[in-house]
Amino acid sequence: MLHNPQLDPAPITRHLRAMFGSRLLIAAVHHLNVFEELSNGPLSVPELSQRLGLKERPASVLFPALCAMELLEYNETGALQITVLGRYVTQTQTPNLTGYVGLEKNDPGAVEMAVRLRNDGPLDTSGGISYVKEGDDPSPMDDAELSRMFTLGLAGRAQKLSPIVASKISKHSGHLLDVAGGTGYYTYEWLLVNPTATATLFDRPAVLAVAAELLDAFAGSGRPGAETVRERVTFHPGDMLTDELPETDILLAASLFHDWPTETCQMLANRFAAAIRPGGELWVHDAFLNDALDGPLPVTDYSAQLFWGTKGRCYSRKEYRQWFAQAGLQPTEEDISTQMDYGLIWSKKV
């Protein structure tokens, strides 16, 4: 069967990520006692977080998810309260489903999710945090075998999304910098749409080795113009957290910010803004929470998955735009959907 570019394969990733949302639900009901804490009335987010012993990141993963599940909601003062549906996971409701949910309370994933919520991550970080660099230690993505496995694991998603993203980002005859560009597909597809432009793919050396192989296949695919892409892209190894970034007209950050906590996101926004030439643009492709931090459910599930395996979570467009404004960029109000629950936002450098 031929590939259908219009078909959105989001249901597949939604089913995958729902596992992490289920762990949040079980942990909330039986390990953190969220609903019992709220059973006497609404509580502000800071007060509920304090009672549960949650820091900002786990609270910003858990509460939006429970709202997206329609078990919690914000009242007119912004406090969290239990919904009519949510009463079914409280002990005071008769009948209730607390015991039914409790059948899974000893599931190892649910137990570990509760541990990670209480501790803002796993207790043992001696091996690093999944694929994310830990402090001054080497990046896990410098391991050739691990880097290849992870980069190729993301390749299918990038192949699907990159032509859509390339068609929606600004057309330009100048330069694109793709930071943490991974497979390189976003760069390659953008160069195909912008036949006189050049680009730099910035990532860890082991990742770029895989991207170079994928570029060879892309350039030899027989697609019109694909053979010119190889000569117009440069591979730049480095650490985006510390190394100088090349100047550029357009900077693309695809599935990047969600790996990092808020303070690192602001630092990255500052670094990216400095690399963009006057009149240039910063484009972000990611999955976004609602600005009200109450969903949507596919993104809160994804946020739980990211919380499990990285130092970050999903963020709202409002949060991104605050970082960009603080970095001296001019955020636009444009929200562009792509596929698989992702979208684009962008800012200008005046």
Side-chain angles (χ1 to χ4, degrees), residues 16-34 37 45-69 104-143 146-147 149-150 153-154 180 204 239-242 253 255-269 286-289 293 298-316 319-320 323:
L16 173 67
R17 295 164 180 169
M19 171 177 67
F20 296 92
S22 295
R23 291 172 178 173
L24 285 183
L25 172 61
I26 300 163
V29 175
H30 282 283
H31 297 282
L32 300 178
N33 297 316
V34 173
E37 287 288 351
V45 170
E47 185 175 5
L48 181 58
S49 299
Q50 190 274 328
R51 291 194 184 190
L52 298 174
L54 299 182
K55 294 181 179 180
E56 184 275 336
R57 185 174 76 118
S60 297
V61 170
L62 180 61
F63 299 154
L66 297 177
C67 288
M69 295 175 196
E104 303 298 332
K105 68 180 180 181
N106 294 322
D107 172 77
V111 172
E112 178 62 20
M113 179 63 84
V115 169
R116 296 187 185 207
L117 287 167
R118 290 193 180 104
N119 295 280
D120 195 11
L123 288 175
D124 181 9
T125 60
S126 59
I129 307 293
S130 188
Y131 301 98
V132 181
K133 180 177 167 65
E134 176 71 9
D136 295 328
D137 293 336
S139 170
M141 296 304 283
D142 288 336
D143 180 280
L146 179 65
S147 178
M149 179 191 72
F150 186 66
L154 296 177
R204 311 296 298 192
D239 183 342
M240 68 178 180
L241 300 173
T242 57
S255 296
L256 184 159
F257 284 92
H258 67 213
D259 285 340
W260 303 97
T262 52
E263 59 271 18
T264 305
C265 291
Q266 183 64 69
M267 181 268 284
L268 287 170
D286 219 313
F288 302 103
L289 293 172
L293 302 181
V299 181
T300 60
D301 285 344
Y302 188 27
S303 191
Q305 182 184 29
L306 292 165
F307 172 74
W308 182 272
T310 75
K311 297 180 181 181
R313 62 175 176 88
C314 288
Y315 297 98
S316 67
E319 289 173 294
Y320 278 96
W323 300 329

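The chain is numbered in sequence order, starting from 1. The structure displayed is predicted, hence computed values, not measured ones.
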Review point. Can you tell me how far the CG atom of L32 sits from the CG atom of L24, to the nearest 0.5 Å?
Key: 9.5 Å
Study note, to complete from the structure: One should read off an interatomic distance between L241 CG and M267 CE, to the nearest 0.5 angstrom, of 4.5 Å
Point to revise | Shortest non-hydrogen separation from A304 to G21 and the atoms involved | key: CB-N, 4.3 Å
Exercise for review: Carefully, step by step, assess T310 and H258 under the rule side chain to side chain contact (heavy atoms under 4.5 Å, CB included).
Suggested key: CA-CA 8 Å; T310 75; H258 67 213; 5.7 Å; no
Exercise for review: Can you spot which of V299, T300, D301 makes a side chain to side chain contact (heavy atoms under 4.5 Å, CB included) with R17?
Suggested key: D301
Check your understanding: Do H31 and L117 touch side chain to side chain, with heavy atoms closer than 4.5 Å?
Key -> no
Check your understanding: Should D259 and K311 count as an ion pair when the cut-off is N to O under 4.0 Å?
Key -> no
**Study point:** Side-chain heavy-atom pair E37, L48 within 4.5 angstrom cut-off
**Key:** yes
Check your understanding: Does NZ or CZ of R313 come closer than 6.0 Å to the centre of the six-membered ring of F307, within 45° of the ring's axis?
Key -> no
Review point. Which atom names give the shortest non-hydrogen contact between A27 and M113, and what distance separates them?
Key: CB-CG, 4.4 Å
Exercise for review: Check whether any side-chain heavy atom of Q305 sits under 4.5 Å from a side-chain heavy atom of Y302, and report yes or no.
Suggested key: yes
Exercise for review: With side chain to side chain contact (heavy atoms under 4.5 Å, CB included) as the test, would you mind laying out the steps for H30 and E104 before giving the verdict?
Suggested key: CA-CA 9 Å; H30 282 283; E104 303 298 332; over 6 Å; no
Practice item. Report yes if the distance between the aromatic ring centroids of F257 and Y315 is under 6.0 Å, otherwise no. Key: no
Study note, to complete from the structure: Rounded to the nearest 0.5 Å, the CG atom of L268 sits from the CD atom of E263 at a distance of 10.5 Å
Exercise for review: Taking the side chain as every heavy atom from C-beta outward, state whether V45 and L293 have any atom pair closer than 4.5 Å.
Suggested key: no
Exercise for review: State, to 0.1 Å, how close P64 and A59 come at their nearest heavy-atom pair, and which atoms those are.
Suggested key: CD-O, 3.6 Å
Exercise for review: Taking the side chain as every heavy atom from C-beta outward, state whether L54 and D120 have any pair of such atoms under 4.5 Å apart.
Suggested key: no
Study note, to complete from the structure: Between the CZ atom in R204 and the CG atom in D143, the distance rounded to the nearest 0.5 Å is 12.0 Å
Review point. Relative to F20, does R23 satisfy both conditions: NZ or CZ under 6.0 angstrom from the six-membered ring centre, and within 45 degrees of the ring's axis?
Key: yes
Point to revise | Side chain to side chain, E112 and P122, heavy atoms closer than 4.5 Å | key: yes
Review point. Out of I26, L25, N33, which one pairs with V29 under the side chain to side chain contact (heavy atoms under 4.5 Å, CB included) rule?
Key: L25
